[in-house]
Trainee: 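Provided herewith is a single structure, encoded as structure tokens, for subsequent inquiry.
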Amino acid sequence: MNLLSKFKDPELCHNILGQIKQDIQGDFRFMEVCGTHTVSIFQSGIRTLLPGNIVHLSGPGCPVCVTHDREIAAYLSLSQKDVIIATFGDLMKVPGPGGKNLKLAQAEGARINIVYSAFDALNLAKENPDDKIVFLGVGFETTAPTVAVTIKLAKDQGVKNFSILSFHKLVPPALKALSADKDIRVDGLLLPGHVSTIIGLEPYLFLAEDYNMPAVIGGFEPLDILQSILIMIRQKNDGKAQVINNYKRAVSDLGNPRATKVMNEVFEPSDALWRGLGNIPGSGLAIRETFSEFDASLIYDQDLPEVDEIPGCKCGEVLKGLIAPDKCPLFGTRCTPAKPVGPCMVSTEGSCAAYHKYKI
Amino acid sequence: MCLAIPMEITSIEDNVAQVEVGGVKNEVRLDIIDEPAQVGDFVIVHAGFALRRLDRQEGLETLKLFQEGLGLELVK
Ligand code: SF4
């Protein structure tokens, strides 16, 4: 039996859907905070199957979308220095101040290479010993350990021409900021499966304890998602929030200790800027002093430039679930996946981009 | 960019595994996976690294619960 295809089984899905329809009382607004959930919910057609009183919100779960204008400005500024930038392709089109992005910088002569992993960026450094390679570190707990282990490998191998400008972000502090925000009406949080693979269950427990917020770690197949929604609805009905691991085949309650160990060895928590959410204490990852020789912010004295916000972009409100993407006046007119004005329209997992692709 | 997908390991050499899903082949590093992976295992792949082995037994049990119509698997 193919295990994965079973998690798409239409009959099982309809069974759960039936239970959802039976159990739901009034409106239910749930937010997911993972780009893979965003895509999966649209792609599988779950959105159209769910009863109308279930509202799906895509929160700040796409690392590209939450990258702040000032961080993009820092990346752009770095690209003007005597370095080769190595980056995930998704960052290329993210607009910074004045609509400028890395793609444009590249066209104007900046040396920018797209890589598939931090490790590939390290290889690039080894292949080009006379150049200085800087990898743009973005991503959540899923990505940060891959970057951390690469920094350790670079240190072990004595690579001198490699560094990282780290704007990695941590999910639980952002969920805390969201839960504490009085404007946000969310009845349940679908927790990010892959981030949870790394951090496990414990970092989320405060959601139930402090905010009485139903929260479920969910997988990405239709069955996983529907089941997670059902659990959240039942928790809301009972008035008793819990944090549930509903993705046990991929998430151990303890997470992946090997990955968190290397992440904590190389990085330490720092304050970080999130687009739309602003500064969130302890939500970023800075390179520890022991690895400072790989910290591009020190090597190139790269600060966060002050910038003006992108006029008209409502990404911040979209990420907080306050408005649906199509309520942004620029949606689908001035802002499209081909020519994004704001970051939520850039990567396929962005709320606005997913909405645009599957709704229109 | 935070997309991560399960892929099947077809061979392993040192810290690097060849993986495949639906005809798409890739190479991933095993530096941060928490338990030794073997050929035939499905691993969750993200940005060039395997994050974790998918637990087939847990998967089967979750499915069994669905199929028996019990629905909920509440832990903790
Ligand atoms: S549609 Fe474009 S401009 Fe509007 S919120 Fe989304 S990304 Fe920003």
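Being a predicted model, the structure only gives us computed values, none of them experimental. All values below were derived from every heavy atom in this structure, side-chain atoms included, with hydrogens, water molecules and symmetry-related copies excluded.
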Trainee: Around A:Lys126, counting heavy atoms of other residues, nucleotides and ligands shown, do more than 12 lie under 6.0 Å from its NZ?
Mentor: yes

Trainee: Does atom NZ (A:Lys155) have a neighbourhood of more than 12 heavy atoms from anything else shown, all under 6.0 Å?
Mentor: yes

Trainee: Where is the tightest heavy-atom contact between A:Ser117 and B:Ala47, given as atom of each residue plus distance?
Mentor: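 For A:Ser117 versus B:Ala47, the nearest heavy atoms are CB-O, 2.9 Å.
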
Trainee: Counting only heavy atoms closer than 4.5 Å, note whether A:Val115 contacts chain B via side chain, backbone, both or neither.
Mentor: neither

Trainee: Nearest 0.5 Å, please: how far is OG1 in A:Thr197 from CZ in B:Arg53?
Mentor: 13.0 Å

Trainee: Nearest 0.5 Å, please: how far is CZ in B:Arg52 from OG in A:Ser252?
Mentor: 5.5 Å

Trainee: A:Arg258 and B:Leu30: which non-hydrogen atoms are nearest, and at how many Å?
Mentor: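 So the two residues come closest at NH1-O, 3.4 Å.
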
Trainee: By side-chain contact (heavy atoms from CB on, under 4.5 Å), which residues pair with A:Asn264, not counting sequence neighbours?
Mentor: A:Thr260

Trainee: With sequence neighbours excluded, what pairs up with B:Glu20 under the side-chain contact (heavy atoms from CB on, under 4.5 Å) test?
Mentor: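 B:Glu20 satisfies side-chain contact (heavy atoms from CB on, under 4.5 Å) with B:Thr10, B:Lys25 once adjacent residues are dropped.
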
Trainee: Assess, by modelled atom type and distance only, whether the side chains of B:His46 and A:Thr146 contain a donor and an acceptor separated by less than 3.5 Å.
Mentor: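 There is no such pair (donor and acceptor under 3.5 Å, judged by atom type) between the side chains of B:His46 and A:Thr146.
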
Trainee: Could you state the interatomic distance from CZ (B:Phe49) to OG1 (A:Thr142), rounded to the nearest 0.5 Å?
Mentor: 13.5 Å

Trainee: What parts of residues 31-41 of chain B touch chain A if we use heavy atoms and a cut-off under 4.5 Å?
Mentor: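 Heavy-atom contacts from residues 31-41 of chain B to chain A are B:Asp31, B:Ile32, B:Ile33, B:Asp34.
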
Trainee: Sequence neighbours excluded, which residues qualify as ring-ring contact (aromatic ring centres under 6.0 Å, His included) partners of A:Phe267?
Mentor: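 Listed in chain order: A:His168.
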
Trainee: In Å, rounded to the nearest 0.5 Å, how long is the span from CG of B:Asn15 to CZ of A:Phe119?
Mentor: 9.0 Å

Trainee: Does any heavy atom of chain A fall under 4.5 Å from the side chain of B:Leu51, the backbone, both, or neither of them?
Mentor: both

